[in-house]
Amino acid sequence: MSTIAAFYSGKSILITGATGFMGKVLMEKLFRTSPDLKVIYILMRPKAGQTLQQRVFQILNSKLFEKVKEVCPTVHDKIRAIYADLNQNDFAISREDMQELLSCTNIIFHCAATVRFDDPLRHAVQLNVTATQQLLLMASQMPKLEAFIHISTAFSNCNLTHIDEVVYPCPVEPKKIIDSMEWLDDSIIDEITPKLIGDQPNTYTYTKALGEMVVQQESGNLNIAIVRPSIVGATWQEPFPGWVDNLNGPSGLIIAAGKGFLRAIKATPMAVADLIPVDTVVNLTLAVGWYTAVHRPKSTLVYHCTSGNLNPCNWGKMGFQVLATFEKIPFERAFRRPNADFTSNNFMNQYWNAVSHRAPAIIYDFYLRLTGRKPRMTKLMNRLLRTTSMLEYFINRSWEWSTYNTEMLMSELSPEDQRVFNFDVRQLNWLEYIENYVLGIKKYLLKEDMAGIPEAKQHLKRLRNIHYLFNTALFLIAWRLLIARSQMARNVWFFIVSFCYKFLSYFRASSTLKV
Ligand SMILES: CCCCCCCCCCCCCCCC(=O)SCCNC(=O)CCNC(=O)[C@H](O)C(C)(C)COP(=O)(O)OP(=O)(O)OC[C@H]1O[C@@H](n2cnc3c(N)ncnc32)[C@H](O)[C@@H]1OP(=O)(O)O
Ligand SMILES: NC(=O)C1=CN([C@@H]2O[C@H](COP(=O)(O)OP(=O)(O)OC[C@H]3O[C@@H](n4cnc5c(N)ncnc54)[C@H](OP(=O)(O)O)[C@@H]3O)[C@@H](O)[C@H]2O)C=CC1
């Protein structure tokens with residue numbers, strides 16, 4: 001039996017962010033491999049009109065949990081949803097719940113965070129720094145706690161190009177930032193944000209770096225580890241390939257490209273696309289939980305969960321494979337044919353934005369207005385361009401992450417654990433993975449039926465014909481205008497026509513001779 005799976009049996013595990021992308025996969029794997037675990041406490045809030053119980057019910061009834069329900073029929077009873085809002089003092093947890101958490105918890109996985117790049121600094125600090133500090137305080141009062149695993153990001157130090165598995169100091173102490181958020185008003189915070197974040201690209205990476213520092217400074221006697229995944233993508237293998245349920249990272253852009261909205265993006269084709277499947281991150285996280293609790297390393301170990309140094313793939317190859325997959329598995333009701341191009345030149349990027357994004361949106365909105373409908377394409381396009389501009393930082397650079405700790409951990413695992421908790425990305429076949437990723441987006445995010453593929457292909461053919469017709473008409477109009485204005489263009493035109501005529505005459509004469 002797997003040593004790691006056995007370790008989690010009988011344990012009470014606390015997870016923050018369990019309703020998020022990574023949190024769900026973490027819970028699924030825990031229940032599937034250690035069905036005898038005692039309980040999983042999930043700190044969560046009601047959302048979108050759903051109570052805690054409704055949210056849990058929805059998660060457990062999703063496709064992701066189908067296998068779990070076979071292996072662990074009592075899964076409903078083993079989840080304890082605890083009302084908590086990480087934005088509030090003491091997380092607004094009731095006294096009884098707090099008592100239970102403090103006295104029973106064995107392992108903590110802290111996944112909750114705001115992952116938005118444009119969150120106001122105050123909010124990002126509250127969730128990614130202050131909440132981490134409060135959770136550590138709670139952890140320090142848990143007599144049975146064996147390990148605290150903090151999920152950070154490989155980009156928390158993306159202002160560096162070579163990143164080691166260490167916590168780097170931040171220019172301003174996290175405590176000072178937390179204190180200042182209490183008395184500064186929003187307008188001043190907005191004004192000083194660019195100065196504070198310095199060479200970090202956004203408030204997300206900045207606050208994740210501060211969060212790591214808090215973890216290191218306040219670790220006390222706790223057994224703590226930090227896991228740093230890079231760009232987390234759909235599942236590779238488990239519980240099945242291609243599962244994804246949110247638009248973060250590449251997923252949103254793959255949809256935009258597949259639906260024909262995204263036609264060009266400023267990206268460096270040779271830059272490393274450091275994508276990592278979510279099930280790989282979860283496997284490493286569970287292995288880290290076990291190792292930290294059992295081996296109790298003297299200091300806080302950082303584990304990079306990245307693919308670039310072991311099995312690199314670049315954005316050019318990834319983009320090509322995404323487009324190739326659209327040929328086989330097109331998305332339904334595309335706006336234009338999928339044909340996204342990478343450009344590393346600023347001027348060309350502006351040009352394509354005007355010609356391939358804004359102009360078609362304006363034309364389409366004009367058509368909607370003419371037919372008495374509400375225009376919406378320009379708004380959607382502006383949103384897409386804002387999103388691409390925010391992601392540009394990450395697709396035009398390459399980073400090198402050292403993975404000594406991660407490799408050390410791999411060597412510590414038994415062959416059975418290496419199989420059950422596989423995080424060796426050298427075995428990943430990118431082409432197959434990307435194809436499954438696109439398929440997963442179609443099935444689980446867009447909820448499109450596979451039976452609709454022939455109709456989607458027909459639709460793309462129609463779009464291609466419209467495209468050719470439109471281009472031919474445009475060319476003829478431009479040419480007609482040119483001929484009317486320029487003697488030179490007229491001469492070229494007559495030369496081409498007479499050349500074609502001569503060629504045709506020669507061709508006809510030679511074919512008559514043969515007969
Ligand atoms: C050929 C192709 C090549 C592809 C090539 C790809 C390259 C791709 C590189 C990526 C590189 C990242 C590298 C960092 C890796 C980390 O460590 S960070 C973790 C990942 N974090 C992210 O990706 C967050 C990025 N996103 C954001 O920050 C914000 O969404 C943006 C980009 C600022 C956009 O904000 P916004 O315009 O205000 O839009 P927003 O309100 O968020 O959402 C618009 C709509 O989408 C929905 N939505 C937004 N997010 C979600 C979600 N997660 N789930 C479901 N619905 C959502 C909203 O509900 C909303 O719908 P409506 O309410 O309008 O109906
Ligand atoms: N996705 C990625 O590409 C990467 C993610 N990471 C890290 O991995 C971790 C998980 O990310 P991911 O799963 O993708 O993120 P998601 O955005 O999918 O999930 C975030 C989770 O945090 C919870 N949360 C947010 N605010 C609060 C709050 N005030 N109170 C209670 N819970 C809250 C959310 O709950 P709710 O459902 O109620 O909103 C949700 O469960 C994060 O720490 C992130 O920084 C690191 C690298 C890349």
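First listed ligand is number 1; within each ligand, the first listed atom is number 1.
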Margin query: Nearest non-hydrogen contact with atom 43 (O) of ligand 2 belongs to which option: K24, K208, M22?
Written below: K208
Check: Considering Y204, F155, F21, which one's heavy-atom position lies nearest to atom 6 (N) of ligand 2?
Finding: Y204
Next item on the list: Compute the shortest N/O to N/O distance between V232 and ligand 2 and return yes if it is under 3.5 Å, no if not.
Entry: yes
Check: So is D85 polar-close to ligand 2, meaning N/O to N/O under 3.5 Å?
Finding: yes
Notebook entry, point to check: Would you say ligand 2 has an N or O under 3.5 Å from any N or O of N248?
Noted result: no
Checklist line | Crowding at CG, D77 (>12 non-hydrogen neighbours, <6.0 Å) | finding: yes
Check: Out of M44, R116, R55, H150, whose heavy atom is nearest to atom 37 (O) of ligand 2?
Finding: R55
Notebook entry, point to check: Going by distance only, is there an N or O of L86 that falls short of 3.5 Å from an N or O of ligand 2?
Noted result: yes
Check: Heavy-atom contacts under 4.0 Å between N246 and ligand 2: side chain, backbone, both, or neither?
Finding: side chain
Margin query: Among P229, A92, S230, which one puts a heavy atom closest to atom 48 (C) of ligand 2?
Written below: S230
Note to self: Tell me whether the NZ or CZ atom of K11 lies within the 45° cone about the ring axis of F7 and under 6.0 Å from its centre.
What the structure shows: yes
Next item on the list: Using the six-membered ring of F65, assess whether NZ or CZ of K24 lies under 6.0 Å from its centre and within 45 degrees of the ring axis.
Entry: no
Margin query: At under 4.0 Å between heavy atoms, is it the side chain or the backbone of S152 that contacts ligand 2, or both, or neither?
Written below: backbone
Note to self: Does L439 form a side-chain contact (heavy atoms from CB on, under 4.5 Å) with K443? I'd like the steps, not just the answer.
What the structure shows: CA-CA 6 Å; L439 189 64; K443 284 208 264 189; 4.2 Å; yes
Checklist line | Aromatic F240 / basic K63 pairing, under 6.0 angstrom, 45° off normal | finding: yes
Next item on the list: Quick one: look at T19 and ligand 2, take heavy-atom pairs under 4.0 Å, and tell me if it's side chain, backbone, both or neither.
Entry: both
Next item on the list: Test the R397-Y393 pair against the cation-pi criterion, namely NZ or CZ under 6.0 angstrom from the six-membered ring centroid and within 45° of the ring axis.
Entry: yes
Next item on the list: Answer with side chain, backbone, both or neither: which part of N128 has a heavy atom less than 4.0 angstrom from an atom of ligand 2?
Entry: neither
